[in-house]
Amino acid sequence: MSNKKKIYKPTPISGFPEWLPQERKAEQQWFDHIRRVFESYGFCNIETPSVETLDAINAKGGDGGADVDKEVYVLERLHKDDNDKEARLALHFDQTVPLARYTAQHFNDLVFPFKRYQMQRVWRGERPQSGRFREFYQCDIDVINVDNLPLHFDAEMPAIIWEILSSLPGMEDENIKIRISNRKILMGLLSALEVENTTDITRIVDKAEKISKEQFENLLAEHGLSQDAQTKIQNLIACTDIKSLKGENELMQEGIDELCFVMDQLSHLPEGAAVADLSIVRGLDYYTGTVYETVFVDDPGYGSICSGGRYDDLAGHYINKHLPGVGISIGFSRLFERIRTQNKLPKTSISPAHVLVVLPNEDARAEMMSVAQTLREKGMNVETFHSPSKLKRQLAYAEKKGIPYVWFPPFEDGSPHEVKNMETGEQTEAVAKDWKPQS
RNA sequence: GCGGCCGUAGUUCAGCUGGUAGAACACUCGGUUGUGGUCCGAGACGUCGCGGGUUCAAAUCCCGUCGGUCGCCCCA
């Protein structure tokens, strides 16, 4: 009889990242930071369930949805009955669809413009690679209004994002750029050119900067665009002076005017922080106006770390109201992964404790507990050592966990308490109710 | 869904013209009496991803499979 038990060797699950305590602590700092900025603009928080019904997710429809559907994870019981009539559930792959559903469902109880932020995990069943996960966090911020949503908000979104991204701990050296465009411009042009398969053309324009000029032209030609049309599209997406643009029709002119307004409102940002870029169109079909995409200037190939845009009527599939919105989503995990792998995360210790109270001997246990409680009541985080091990061991523990102070209760009655600063090695007498850490 | 690369101790890897395994770091204990980071010593840890084939003999060669990773598609 073998007493060797079967070991199931733990392996990472591709695309489902997890962090060590130090990294998690940095991650929490980022969440706190982002939350603080969102709330400073008056946005409230909501959290929706991890799942939506498959019907709710599919409701958005459109042919742009077809590809996304392939990435949706569905949820079912292991031993489900074939005749099961339960609604099929799916893990949400973004936070925009849940927001639309939420807004429709709670329409009567919400105050409009409804300004909310949401920081949750989303799931996408695609092949993971660098900066791409199957389970990851997004930090979304959106505004939804009834009937009419002022352009004011289209300009507020990038301003908020810039404030966050330029001040996240660890992002100090990163050079990022928010690229902004307006879909009405390209759509207007395509309509003036009498192009019908706009979704295909949009996709091609979206990848224009990743492929060569020849490939780009060939793709457009394959989709039936004339030489004249190709030239006009190329000129448009290369245009850097949007104020000089003339609309070929009403829709295109509207897009130009909107984009000019938004850029004008962002003129207070540093040079190059937010730029008008007509080659940005975004793949998702529900965007109808302003669109955003954010990249590392030095490494645009890493992908967008923050994208979004305006959608004329997203909740229209869930309620018979006209609810335009505009929003943007920080690709939190992608961004975090980038800074983490470059070793630029803020240095944090393993333990959140400020003080470790040592246990000199079993008789001192009550005193140790009492000191710890006193310090906690003063707002400090305090660990107590669990057994009267050699002090060498107890000190080494504090050292490894990065706890900055070690507290020594008296070794015998009548002796004073002492506290040691682990960084300087200095050790002094102290009284728990009066003591404060330096710095 | 499709291609390239990879799969050996907890981790990073070495070993691969075939003869059943090593290093570093991490871990545990020790270097006596109440104090960490350094140093020294000792110890524990692997059916070499899994299955099959070739061979007297395979971590090492071949096939399959699973997993990881990078790229494509698409996207944060």
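Note on naming: letters A, B, ... go to the chains in the order of the sequence lines (proteins, then strands), and numbering restarts at 1 for each one. Note that these values count all heavy atoms, side chains included, but never hydrogens, waters or copies made by symmetry.
As rounded to the nearest Å, B:rC39 and B:rA24 have P atoms that lie 13 Å from one another. For the P atoms, the distance from B:rC29 to B:rA44 is 15 Å, rounded to whole Å. The same atom, C1', is picked in B:rU55 and in B:rU20; the two are 14 Å apart, to the nearest Å. With both ends at atom P, the span from B:rG30 to B:rU17 equals 45 Å, rounded to whole Å. If you take atom C1' in B:rC56 and the same atom in B:rA14, they sit 29 Å apart, rounded to whole Å. Using atom P as the reference point in both B:rG1 and B:rU38, the two lie 49 Å apart (nearest Å). Only the C1' atoms considered, B:rG19 is 49 Å distant from B:rG36, to the nearest whole Å. For the C1' atoms, the distance from B:rC61 to B:rU54 is 8 Å, rounded to whole Å.
Residue contacts for A:F332: at a heavy-atom cut-off of 4.0 Å it reaches no nucleic acid atom on any strand shown. Looking at heavy-atom distances under 4.0 Å, A:F408 makes contact with a base. Residue contacts for A:A398: at a heavy-atom cut-off of 4.0 Å it reaches no nucleic acid atom on any strand shown. Among the protein residues, A:T294 comes within range of no part of the nucleic acid, since none of its heavy atoms lies under 4.0 Å from any strand. Heavy atoms of A:K420 sit under 4.0 angstrom from at least one base atom. Residue contacts shown for A:S14 are limited to sugar-phosphate atoms, with no base heavy atom under 4.0 Å away. Nucleic acid contact for A:R127: base, since at least one base atom lies under 4.0 Å from a heavy atom of the residue. No contact: A:K401 has no heavy atom under 4.0 Å from any strand.
A donor-acceptor contact under 3.5 Å is not formed by the side chain of A:R203 with the base of B:rC73. No hydrogens or angles were tested; on distance alone, nothing pairs the side chain of A:E293 with the base of B:rA76 as donor and acceptor under 3.5 Å. A donor-acceptor contact under 3.5 Å links the side chain of A:Q427 to the base of B:rU35. Judged by atom type and distance alone, A:R132 does not reach the base of B:rA76 through any side-chain donor-acceptor pair under 3.5 Å.
The residue from A:F31, A:Y117, A:F136, A:F133 that alone fulfils the ring-ring contact (aromatic ring centres under 6.0 Å, His included) condition with A:F332 is A:F31. When A:D142, A:T96, A:T290 are each tested for a side chain to side chain donor-acceptor pair (under 3.5 Å) with A:Y311, only one passes: A:D142.
Computed from coordinates, the A:F16 CZ to B:rG68 P distance equals 10 Å when rounded to whole Å. In this structure, A:F411 places its CZ atom 13 Å from C1' of B:rU33, rounding to the nearest Å. Counting to the nearest Å, the C1' atom of B:rA76 and the CD1 atom of A:I34 are 12 Å from each other. Nucleotide B:rA76 holds its C1' atom 12 Å from the CG atom of A:L165, rounded to whole Å. Across the protein-nucleic acid pair, A:W30 atom CH2 and B:rA76 atom C1' stand 13 Å apart, rounded to whole Å. When rounded to the nearest whole Å, the span between NZ of A:K392 and P of B:rC29 equals 11 Å. The distance between atom CD of A:E399 and atom C1' of B:rU35, rounded to the nearest whole Å, is 12 Å. Summarising the geometry, the separation between CD on A:Q120 and P on B:rA76 is reported as 17 Å, rounded to the nearest angstrom.
Ion pairing between a basic and an acidic side chain is recognised when a charged N comes within 4.0 Å of a carboxylate O; A:R35 and A:E39 show no such pairing. Using a cutoff of 4.0 Å between basic side-chain nitrogens and carboxylate oxygens, A:E126 and A:R132 are scored as salt-bridged. Under 4.0 Å is where a charged nitrogen must lie from a carboxylate oxygen, and between A:R334 and A:E337 no such pair does. Salt-bridge formation is not detected for the pair A:R24/A:E18: no Lys NZ or Arg NE/NH1/NH2 atom is positioned less than 4.0 Å from an Asp or Glu carboxylate oxygen. By the 4.0 Å N-to-carboxylate-O rule, A:K401 lies close enough to A:E383 to be salt-bridged with it.
Side-chain contact annotation: A:D55 with A:T53, donor-acceptor N/O pair under 3.5 Å absent.
Stacking of the aromatic ring of A:F136 onto the base of B:rA76 is found: the ring centres lie under 5.5 Å apart and the planes are inclined by under 30°. The ring of A:Y397 does not lie on top of the base of B:rG36; it is either too far (5.5 Å or more) or too tilted (30° or more).
When the side-chain nitrogen and oxygen atoms of A:S130 are compared with OP1 and OP2 of B:rG71, one or more of them lie within a distance under 4.0 Å. Proximity of A:R134 to the phosphate of B:rC75: no side-chain N or O atom is located under 4.0 Å from OP1 or OP2. The side chain of A:K390 contributes an N or O atom lying less than 4.0 Å from OP1 or OP2 of B:rG31. Applying the 4.0 Å criterion to OP1 and OP2 of B:rG71, one finds that A:Q129 has a side-chain N or O inside that range. Proximity of A:R393 to the phosphate of B:rC29: a side-chain N or O atom is located under 4.0 Å from OP1 or OP2.
Stacking of A:R338 on the aromatic ring of A:F296 is recorded, both the 6.0 Å distance cut-off and the 45° axial limit being met.
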>> Let's test your reading of the pairing rules: Watson-Crick or G-U wobble, both distances under 3.5 Å, then write RNA chain B as a dot-bracket string with ( ), [ ], | and dots.
In response: (((((((..((((........)))).(((((.......))))).....(((((.......))))))))))))....
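Listed for the A:Q120 side chain is a donor-acceptor partner under 3.5 Å among the backbone atoms of A:T48.
Legend: residues meeting side chain to side chain donor-acceptor pair (under 3.5 Å) with A:E135, ordered by chain and number and at least two apart, are A:R121, A:W123.
Classified by interplanar angle (parallel below 30°, tilted 30° to 60°, perpendicular above 60°), the ring pair A:F43/A:F38 is tilted. A tilted orientation is assigned to the rings of A:Y73 and A:F16, their planes being inclined by 30° to 60°.
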Between the protein and nucleotides 4-12 of chain B, which nitrogen or oxygen pairs are less than 3.5 angstrom apart?
{"unit_1": "B:rA9", "atom_1": "OP1", "unit_2": "A:K9", "atom_2": "NZ", "d": "3.3"}

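Between A:T424 and A:S329, the residue anchored nearer the 5' end of RNA chain B, judged by the nucleotide with its closest heavy atom, is A:T424. Of the residues near RNA chain B, A:M422 and A:F133, the one whose nearest nucleotide (by heavy atom distance) lies more toward the 5' end is A:M422.
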